[in-house]
Asker: 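Structure in C-alpha cells, see below.
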Amino acid sequence: MAHLRCVCGGPIQAEPIVSKDEISLGRDARNDVVIQDGSVSREHSRIVRTGTSFVISDLGSRNSTLVNGEACSGSPLKDGDQILIGETLFVFKCDPDGEQKPAVLEILSATMDTVTQTMAQTAQKSLDADVTGVESLNGDRDRVFHLFYEIGRSLNSSLTDYGAVLEKIVSTLFSELRAERAFVALIDPESQELCYEIIRDKNKQNLEPDQIKISKTIIFDVYNNRRAILTKDAISDERLKHVKSIIESQVLSAMCAPLLYRDQVLGILYADNCAQTGIFSDIELELFATLGNLAGIAIGNARLYRKVSEDVSELRSKVSQDTEVVGQGVAITKVMDTVRKVADSEISVLIRGETGTGKELVARTLHGHSVRRDGPFIALNCGAIPETLFESELFGYAAQSGIAGSDPKGKPGKFELAASGTLFLDEIGEMPLSMQVKLLRTLQERVVERLSGTQSIPVDVRVLSATNKDLSVEMKEGRFRQDLFFRLRGIEVEVPPLRERHDDIEDLTRYFLEKFSLKNRKQIRDISPKAIQLLRAFSWEGNVRELENAIEHAVVLCDGDVLWPEDLPYQVRHQSRTIASPFPGLSEMERDHIVKVLRHHNWNITRSAEVLGIARKTVHEKIKVYGLTREKTT
C-alpha cells in the first residue's frame with residue numbers, strides 16, 4: 001500500500017484510505033483531499049493511479065505543485081518524494097516489498113509536536129527539516145513574555161523614532177535565537193531599493209553591506225509572498241543549494257521575514273548562522289516572524305506619524321496665511337506691532353473698528369500667535385443671538401433642563417467649548433444688560449454654571465471682544481456696564497478703516513485675486529494698472545469686506561488671464577456710491593464689448609472692425625468717444 005503523509009501545513013480532511021483511480025487535492029470541499037490553506041487553489045492537484053504507480057499533476061494552480069522543489073510535470077511518484085501544495089507538505093511513501101503492489105493510497109496526518117498549524121500557515125520550511133536536539137522556546141514562557149514586554153515598551157516609548165525597537169529586535173536575534181549575523185533593511189518608498197538600516201554580528205560589530213550576502217531568491221520570495229522563510233540546511237535545500245550567494249557565504253541556517261505594516265512590505269528582517277545546520281527551529285521562526293511584524297508596526301507608525309505631523313504643519317501654515325492681516329502700510333503695521341506684543345499674554349483685548357475692517361481677523365491673529373494657539377478659537381456674534389437664547393449659548397444648559405427643544409443630555413456653552421483656547425465675543429456692544437452681569441461674574445470667578453444646573457464648572461479661557469460702537473457713549477446712556485468695559489479693555493486695539501490704508505489696497509487686491517481665482521478654478525495672473533488706480537480711488541465705506549466682494553465679482557466676470565477695469569463693479573468704475581441698475585445702459589454695454597474685442601485681437605483695428613461689423617473709421621471714433629487707451633499689464 002502507498003501512503004501520502006501530511007507532515008506539516010493543512011489542516012486537511014480526507015478519508016483514511018482512498019481507493020480511486022483519480023484523487024483530487026485542493027481547497028474546495030468536493031476534493032478527495034481538502035487542504036484548508038488560503039494559498040491552495042480550489043482545484044490544485046490530481047494524483048492518478050496507473051497500474052502499480054501513482055502520477056501527480058498540477059491543475060493550473062496559481063502557486064504550482066512542487067515535487068522535491070520542482071514544478072511537477074506528470075512524473076510518477078517515488079518513495080520519499082516530498083510534495084509541496086501551497087504551504088502544506090506531504091511525503092509519499094511506497095511499500096518497498098515489490099510483491100505488494102500499491103493498489104490504494106492511505107492518507108496520514110501529521111502528529112509531530114514540533115510542527116504547529118499556525119506556523120505552517122505563515123512560514124515556508126526547509127524540505128530537509130531536522131529538529132533533533134533543537135531547543136524550543138516553549139520551555140521558557142516567562143522569558144519570552146518578558147522579551148515581548150521589553151519590545152512593547154520600546155514600541156510605546158516614541159511614535160517618531162523606531163530605532164530603539166529595531167535595536168532591541170536585533171539584540172534578541174543574537175541572545176535568544178543564536179544568530180551569528182543579522183540585518184534590518186528597509187525598502188525606499190521612492191526608488192524601491194533595499195537600504196540597510198542595521199547590519200551586525202553577534203559581537204555587536206557593525207558590518208558593511210558587502211560583508212553579508214543574502215540570496216535574492218529568498219528576498220523575492222519573502223517580499224512577493226509576504227511570508228517568513230526558514231532553511232535549516234541551506235547547502236542541501238533544493239531551493240537554495242545552487243544559489244551563488246549561499247555557496248559563497250557558506251550559510252547553513254537562515255531565516256528571513258517581511259516587515260509588514262497594513263499588508264505593505266516595508267523591509268526585510270534577516271538572521272543566519274554559518275556554523276551549524278538546524279540551529280533555528282520552527283517555533284523560533286514563529287518568534288522571528290512576530291519580531292518582523294513588531295518592527296513593521298514601529299516603522300509604519302513612525303512614518304505615519306511624521307506624515308500626519310507634516311500635513312498638520314502644512315495645514316497650520318495655510319490657516320495661518322488665511323488668518324494673517326494683509327498689508328504693510330503704516331496704519332496696519334502699528335496695529336500688528338501691538339498685536340504681537342500682547343498675543344502671548346493672558347490680558348483681555350478689546351478690538352475696535354468699523355464694520356468690515358477685519359476685527360475678527362485681528363482676533364484670530366492674536367490667538368494664532370498666543371500660547372493657546374493649539375486650543376480652540378470659538379467666536380460668538382453677540383448681535384446675532386436672541387436675548388432669550390443668550391445665556392444658553394454662552395453658558396450652556398444642564399441635562400434634563402426642561403427647556404423646550406433642548407437636548408436631554410445637556411449642552412456645553414461657548415465658554416466650555418473654548419476651554420484652553422480663546423473665546424471671541426464679536427459686537428460686544430449688542431450684549432443685553434442682563435447678560436453683561438453674568439459675563440462679568442464669569443470673568444471674575446473663572447467658573448460657569450449651566451442653565452438649570454447647580455454645579456460650578458471651572459473654565460480656562462482667554463476672552464477677546466470687538467465692537468463697532470463707541471462704548472463710552474453706550475456707558476453714558478446706560479446700555480453698557482462700566483465695570484465690564486474695564487474688565488474687557490485690558491488692551492485696546494483700534495483697526496483703521498480701509499480709506500486710511502490706501503497703501504494696502506493693492507496687496508489686499510492681489511491676495512483676494514489669488515483666493516477667488518483658486519475658488520472659481522480660473523487662472524488670472526495679474527490685474528491691470530488702470531484697475532488698481534480705480535480701486536485706490538474708491539472710498540470703500542464697507543472697508544475690507546466690500547473690497548473682497550468687489551474682487552470676487554471681478555474674478556467671476558473676468559474672461560481672460562488679466563483683470564481689467566470693465567470686470568470691476570459699476571460703482572467702482574464710476575466712483576459712485578449709488579446703487580446701479582441691474583441692467584447696464586446701451587453705451588456701457590457697447591464700450592465694454594468694443595474693449596473686449598480690441599483686447600482679444602491685440603488692438604488690431606482692421607480685424608476688430610471686421611468682428612464688430614463696422615468700419616475702421618467708426619472704430620477709431622468709438623475709441624475717441626469712450627476715451628479708450630491700450631493698457632499694459634504690470
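In what follows, every heavy atom counts, from backbone to side chain, and hydrogens, waters and symmetry copies are set aside.
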Asker: Going by atom types only, do Thr172 and Ser175 share a side-chain donor-acceptor pair under 3.5 Å?
Answerer: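 No - no donor-acceptor pair under 3.5 Å links their side chains.
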Asker: Between Glu180 and Cys274, what is the shortest heavy-atom contact and its length?
Answerer: OE1-N, 2.9 Å
Asker: Can a salt bridge be assigned to the pair Glu167 and Lys204 using a cut-off of 4.0 Å between side-chain N and carboxylate O?
Answerer: no
Asker: Is there a side-chain contact between Ile524 and Asp561 (heavy atoms, below 4.5 Å)?
Answerer: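 In short, these two side chains do not touch, never coming nearer than 4.5 Å.
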Asker: Can you tell me how far the OG1 atom of Thr88 sits from the CG atom of Leu25, to the nearest 0.5 Å?
Answerer: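 Reported to 0.5 Å precision, the distance equals 10.0 Å.
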Asker: What is the minimum heavy-atom distance between Arg462 and Ser370, and which atoms define it?
Answerer: NH1-CB, 4.0 Å
Asker: So, using side-chain hydrogen bond (donor to acceptor under 3.5 Å, both in side chains) as the criterion, who are the partners of Asn520 when residues are at least two apart?
Answerer: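 side-chain hydrogen bond (donor to acceptor under 3.5 Å, both in side chains) check on Asn520 returns nothing, list empty.
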Asker: Can you name the salt bridge (Lys or Arg N to Asp or Glu O under 4.0 Å) partners of Lys409, sequence neighbours left out?
Answerer: none
Asker: Any side-chain heavy-atom pair from Asp79 and Asp81 closer than 4.5 angstrom?
Answerer: no
Asker: Measure across Ser253 and Gly278 and return the closest heavy-atom pair with its distance rounded to 0.1 Å.
Answerer: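 Heavy atoms of Ser253 and Gly278 come nearest at OG-N, 3.2 Å.
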Asker: Restricting to side chain to side chain contact (heavy atoms under 4.5 Å, CB included), what partner residues turn up for Thr290, sequence neighbours left out?
Answerer: Phe148
Asker: Side chains of Val170 and Val184: does their closest heavy-atom pair fall under 4.5 Å?
Answerer: yes
Asker: Which heavy atom of Leu194 sits nearest to which heavy atom of Ala185, and what is that distance?
Answerer: CG-CB, 3.6 Å
Asker: Is any side-chain heavy atom of Arg226 closer than 4.5 Å to one of Val265?
Answerer: yes
Asker: With rounding to the nearest 0.5 Å, note down the distance linking CG in Leu186 to CD1 in Ile198.
Answerer: 9.0 Å
Asker: Does Phe280 form a side-chain contact (heavy atoms from CB on, under 4.5 Å) with Asn273? I'd like the steps, not just the answer.
Answerer: CA-CA 9 Å; Phe280 304 130; Asn273 190 296; 4.3 Å; yes
Asker: Holding to salt bridge (Lys or Arg N to Asp or Glu O under 4.0 Å), I want the full list of residues that pass it with Glu416, two or more places apart in sequence or in another chain.
Answerer: Arg450
Asker: Below 4.5 Å, heavy atoms only, C-beta onward: do Leu287 and Leu177 meet side chain to side chain?
Answerer: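 Contact flag for Leu287/Leu177 side chains = yes.
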Asker: Working to the nearest 0.5 Å, report the span between NZ of Lys78 and SG of Cys94.
Answerer: 12.0 Å
Asker: Please identify which of these residues, Leu89, Val91, Leu77, meets the side chain to side chain contact (heavy atoms under 4.5 Å, CB included) condition with Ile83.
Answerer: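 In the set Leu89, Val91, Leu77, the residue that makes a side chain to side chain contact (heavy atoms under 4.5 Å, CB included) with Ile83 is Leu77.
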Asker: With side-chain contact (heavy atoms from CB on, under 4.5 Å) as the criterion, how do Ile187 and Glu193 come out once you've worked through the C-alpha distance, each side chain's angles and the decisive distance to 0.1 Å?
Answerer: CA-CA 5 Å; Ile187 297 170; Glu193 293 181 355; over 6 Å; no
Asker: Give me the atom names and distance for the closest heavy-atom approach of Pro76 to Val55.
Answerer: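 Taking Pro76 first and Val55 second, the nearest heavy atoms are CA-CG2, 3.9 Å.
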Asker: Do Ser61 and Val40 touch side chain to side chain, with heavy atoms closer than 4.5 Å?
Answerer: no
Asker: Identify, with sequence neighbours excluded, every residue that meets salt bridge (Lys or Arg N to Asp or Glu O under 4.0 Å) alongside Asp344.
Answerer: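 Salt bridge (Lys or Arg N to Asp or Glu O under 4.0 Å) check on Asp344 returns nothing, list empty.
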Asker: In terms of heavy-atom contacts, does NZ of Lys202 have more than 12 from other residues, nucleotides or ligands at under 6.0 Å?
Answerer: no
Asker: Please name all residues satisfying salt bridge (Lys or Arg N to Asp or Glu O under 4.0 Å) with Arg46, sequence neighbours left out, ordered by chain then number.
Answerer: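 Salt bridge (Lys or Arg N to Asp or Glu O under 4.0 Å) list for Arg46, sorted by chain: Glu22.
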Asker: Find out whether Arg364 and Glu360 are in side-chain contact, i.e. whether some heavy atom of one side chain is under 4.5 Å from a heavy atom of the other.
Answerer: yes
Asker: With sequence neighbours excluded, tell me which residues meet side chain to side chain contact (heavy atoms under 4.5 Å, CB included) with Glu208.
Answerer: Asp210, Gln211
Asker: Mind checking side-chain hydrogen bond (donor to acceptor under 3.5 Å, both in side chains) for Glu197 and listing every partner two or more places apart, or none if nothing turns up?
Answerer: none
Asker: Salt-bridged, Asp272 to Arg181, with N to O below 4.0 Å?
Answerer: yes
Asker: Salt bridge between Glu514 and Arg510, side-chain N to carboxylate O under 4.0 Å?
Answerer: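 Arg510 and Glu514: not salt-bridged.
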Asker: With rounding to the nearest 0.5 Å, note down the distance linking CG in Asn31 to OG in Ser41.
Answerer: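 Nearest 0.5 Å value for the CG-OG distance: 10.5 Å.
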Asker: Under a plain distance cut-off of 3.5 Å, with no hydrogens placed, do Ser45 and Thr65 share a side-chain donor-acceptor pair?
Answerer: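 Indeed, the side chains of Thr65 and Ser45 share at least one donor-acceptor pair under 3.5 Å.
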Asker: Has Arg306 got more than 12 heavy atoms of other residues, nucleotides or ligands less than 6.0 Å from its CZ?
Answerer: yes
Asker: Do the side chain of Arg200 and the main chain of Leu207 share a donor and acceptor less than 3.5 angstrom apart?
Answerer: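 Not at all, since once roles are kept as given, no pair shorter than 3.5 Å links the two residues.
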Asker: Treating Glu284 as the side-chain partner and Ser281 as the backbone partner, does any N or O pair qualify as donor plus acceptor under 3.5 Å?
Answerer: yes
Asker: Can you confirm whether Arg372 sits close enough to Asp460 that some side-chain heavy atom of one is under 4.5 Å from a side-chain heavy atom of the other?
Answerer: yes
Asker: Enumerate donor-acceptor pairs with a distance under 3.5 Å from any side-chain N or O in residues 295-305 to protein atoms, sequence neighbours excluded.
Answerer:
{"unit_1": "Asn301", "atom_1": "OD1", "unit_2": "Tyr261", "atom_2": "OH", "d": "3.0"}
{"unit_1": "Asn301", "atom_1": "ND2", "unit_2": "Ile297", "atom_2": "O", "d": "3.4"}

Asker: What's the spacing between Leu464 CG and Thr365 OG1 if we round to 0.5 Å?
Answerer: 10.5 Å
Asker: Please, which pairs that meet ring pair (Phe, Tyr, Trp, His ring centres under 6.0 Å) have at least one residue in residues 165-193, sequence neighbours excluded?
Answerer: Phe183-Tyr196, Phe183-Tyr270
Asker: So does Glu552 pair up with Lys515, basic N to acidic O under 4.0 Å?
Answerer: no
Asker: With side-chain contact (heavy atoms from CB on, under 4.5 Å) as the criterion, how do Ile23 and Leu4 come out once you've worked through the C-alpha distance, each side chain's angles and the decisive distance to 0.1 Å?
Answerer: CA-CA 11 Å; Ile23 300 166; Leu4 188 66; over 6 Å; no
Asker: Show the nearest heavy-atom pair for residues Asp58 and Gly60, with the distance to one decimal.
Answerer: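 So the two residues come closest at OD2-N, 2.9 Å.
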Asker: Who are the side chain to side chain contact (heavy atoms under 4.5 Å, CB included) partners of Ala271, not counting sequence neighbours?
Answerer: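 With sequence neighbours excluded, Ala271 shows a side chain to side chain contact (heavy atoms under 4.5 Å, CB included) to Leu173, Ala179, Ala182, Phe288, given in chain and number order.
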Asker: Can you tell me how far the CD atom of Glu43 sits from the OG atom of Ser24, to the nearest 0.5 Å?
Answerer: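 Separation between the atoms: 7.5 Å.
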Asker: What residues form a ring-ring contact (aromatic ring centres under 6.0 Å, His included) with His44, not counting sequence neighbours?
Answerer: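 Here no residue qualifies.
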Asker: Could you check Ile199 against Asn206 for side-chain contact (heavy atoms from CB on, under 4.5 Å), going step by step and ending with a plain yes or no?
Answerer: CA-CA 6 Å; Ile199 315 177; Asn206 293 324; over 6 Å; no
Asker: Verify, without hydrogens or angle tests, whether Lys414 (side chain) and Ile378 (backbone) share a donor-acceptor contact under 3.5 angstrom.
Answerer: no
